[in-house]
Amino acid sequence: MAAPQPHTPPSQTPPAPPSPIGAVAVVGLGTMGTGITEVLARAGHTVVGIDIDQAQAARSVAALVASTSRAVDRGRLTERERSDLLARVRTSADLDAAADADLVIEVVPESYEIKQEVFRELDRIVRPSAILATGTNALSVTRLAAESARPERVLGLHFFNPAPAMRLVEIVSCVLTSPQAVAAVTDLALELGKEPVAVGDRPGFVADGLLFGYLNQAAAMYEAKYASREDIDAAMRLGCGLPMGPLALLDLIGVDTARTVLDAMYTESHDRLHAPAPILKQLSEAGLTGRKAGRGFYTYESPGSSEVVRDALTPTAGTRTVPGREVRSVGVAGSGTMASGIAEVFAKAGYDVVVAARSAEKALAAKARIGASLGRSVDRGRLTAEAAAQVLDRITPADSYDAFAEVDLAVEAVAEDLEVKQQLFATLDKVCRPGAVLATTTSSLPVIACARATSRPQDVIGMHFFNPAPAMKLVEVVRTVLTAEDVHATVREVCAKVRKHPVDCGDRAGFIVNALLFPYLNNAVKMVEEHYASLDDIDAAMKLGGGYPMGPFELLDVVGLDVSLAIEKVLHREFRDPGLAPAPLLEHLVAAGCLGRKTGRGFREHVRR
């Protein structure tokens, strides 16, 4: 799934400034070097691709020929344009071919020794005015520049893979870089149709600095056997709208590459969240580096293939032997947005639903909210008026939890306060019939604490829906150490009936999604605190470079800074990791009442409606 990308209407798009850069040399013709070569040649630049491996250079040319042929087939290039493009590209095995280049971009392996050797040779070869750019995403640009004969002309130019498709380019300067070099490369990026983001020199820069910490935590979560690889990936795709799950993305990037980036980040930050998960080392040293090797976290049809095939870890459908309990009616406790959404989900699936709140007015308001939601579905053609009326008829509002006496499943969606939830579960224990399943929708509190408030903890389970419940496909199914097997089976069966995707996880803070999402958001706040990058640049980097549907600060303002802070405090308390401590800036904003969209101001100003 492609991330939505901000754009300026064509009529308002300012012309890209002319770049002083004409001829370009690209050193290293792997996937990234080949992609950069294509981007430059498409924009009219003459390019020399340099690789000491002549077979690799030939593969690069073949890839370029194939890519441009597909572009012609799709009507994106004419045959004449393709011919002219290919004529602008030549290859060489000798660095001397870069002598006339205005810009040299190196994308050789992530090794100081290799890159320093390339820069030493280029110092001897290129003109004094030439700009030398490193494509590193992990190594210090400052260190590479300091050892160059012309450090003021050295900078970082970090494209994202695949370079022809990805719009983000991080332009990395250090204390030695001249503003003129930065300006020239920024103009070039705009000319190429890219979105340049100016960043300082630290491992990972913005996009990878945030992305790889998240990927590392996902690998550690899998290594701890907290959840299966399929459930971790599905949770982040369906719960956050990401184009790929973290483990599949690690396989695409290369497990060895991820380990290298994380090693560099940890050397700089000493943050335990950046210390590579041991499984990354084990897979790397075993040669199981992901798609390129045919096996990493998943197994692929062949090396280089994207087709996942079954292996010993692939779950087998239909192997559950414990039948679930029969569920015909559902009670939903609460009257807010989440409770109303959950009640709508169950009613649409044909269940009789009782919505109980603390007063008749609140319960009726919840039913009215459901009616308005169904009305919007009718207006959009997703539901007939008759079907909407039938759904609404299945919902009974009540002002007492006594109305849950005969329900088969009771789902609470009240305030995220442990004492409030425990009192509710003590009440449900008294009013619900024996054998009824009791579920909490908590996103951060211990399910076992709710279960222990009852005399039947074996009947209690977590069902974490995501907001808005009618639209979001994910449900995290949270078992405690006391949850009965048939209760777990019941909830899985119910999820299938309401057309949600269940993922299994244990009873620990954050479950899957929040445990991976909120440290990433917290790290983004720390970047701003450290004046490393602006809100806008960080949001743009994650949408354009990471495929995220929203930037971290957009998302924080939507979720609510108070909600985010509460979840981050829970994670910090549970895991005791200093890297999970909430960013002081987040705490200050919450203390000032700047909670996001709901108050009109969070990280940004919002128009309150």
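The first residue in the sequence is number 1, and the count goes up from there.
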Trainee: Counting the benzene-type ring for Trp, do Y548 and Y520 have ring centres under 6.0 Å apart?
Mentor: yes

Trainee: If we ignore angles and hydrogens, is there a donor and acceptor under 3.5 Å between the side chains of S444 and E416?
Mentor: yes

Trainee: Whether the D201 and S140 side chains hold a donor-acceptor pair (N or O, under 3.5 Å, no angle test) is what I'd like checked.
Mentor: yes

Trainee: Hey, is R229 close enough to E223 for a salt bridge, meaning N to O under 4.0 Å?
Mentor: no

Trainee: Between T440 and E412, do the side chains contain an N or O donor and an N or O acceptor separated by less than 3.5 Å?
Mentor: yes

Trainee: Give a yes or no on whether a salt bridge exists between D311 and R295, defined as a side-chain N under 4.0 angstrom from a carboxylate O.
Mentor: no

Trainee: Are K292 and T257 side-chain neighbours, meaning at least one heavy-atom pair lies under 4.5 Å?
Mentor: yes

Trainee: I'd like to know if the side chain of E476 reaches the main chain of V513, judged simply by a donor and an acceptor atom lying under 3.5 Å from each other, with no hydrogens or angles considered.
Mentor: yes

Trainee: Please determine, by modelled atom types, if T490 and R325 share a side-chain donor-acceptor pair under 3.5 angstrom.
Mentor: no

Trainee: Using modelled atom types only, decide if a donor and an acceptor are shared between the side chain of Y351 and the backbone of V345 within a distance under 3.5 Å.
Mentor: no

Trainee: Kindly indicate whether the side chain of D208, heavy atoms from C-beta on, has any atom under 4.5 Å from the side chain of H158.
Mentor: yes

Trainee: Would you kindly say whether Y214 and N523 are connected by a side-chain donor-acceptor distance under 3.5 Å?
Mentor: no

Trainee: In plain terms, say whether E574 and K569 are close enough for a salt bridge, that is, a side-chain N and a carboxylate O under 4.0 Å apart.
Mentor: no

Trainee: Y300 versus D251: any side-chain heavy-atom pair under 4.5 Å?
Mentor: yes

Trainee: For a side chain to side chain contact (heavy atoms under 4.5 Å, CB included) check, start with the C-alpha distance between R291 and S305, then their side-chain angles and the critical distance, and finish with the verdict.
Mentor: CA-CA 6 Å; R291 285 191 188 181; S305 170; over 6 Å; no

Trainee: Which pairs with one or both residues in residues 274-283 pass salt bridge (charged side-chain N to carboxylate O under 4.0 Å, His left out), sequence neighbours excluded?
Mentor: none

Trainee: Taking K194 for the side chain and M166 for the main chain, is one N or O donor matched with an acceptor at less than 3.5 Å?
Mentor: yes

Trainee: Is it the case that atom CZ in R310 sees more than 12 heavy atoms from other parts of the structure closer than 6.0 Å?
Mentor: yes

Trainee: Take atom CG in L313; do more than 12 heavy atoms of anything else shown fall under 6.0 Å from it?
Mentor: yes

Trainee: Are any side-chain N or O atoms of K500 and backbone N or O atoms of A469, one a donor and one an acceptor, separated by less than 3.5 Å?
Mentor: yes

Trainee: For Y298, enumerate each residue passing the ring pair (Phe, Tyr, Trp, His ring centres under 6.0 Å) test, keeping only those at least two apart in sequence or located in another chain.
Mentor: none

Trainee: Measuring only between side-chain heavy atoms, which start at C-beta, is V491 closer than 4.5 Å to V437?
Mentor: yes

Trainee: Ignoring hydrogens and geometry beyond distance, is a side-chain donor-acceptor pair present between D263 and H274 at under 3.5 Å?
Mentor: no

Trainee: Any side-chain heavy atom of T91 sitting closer than 4.5 Å to one from V61?
Mentor: yes

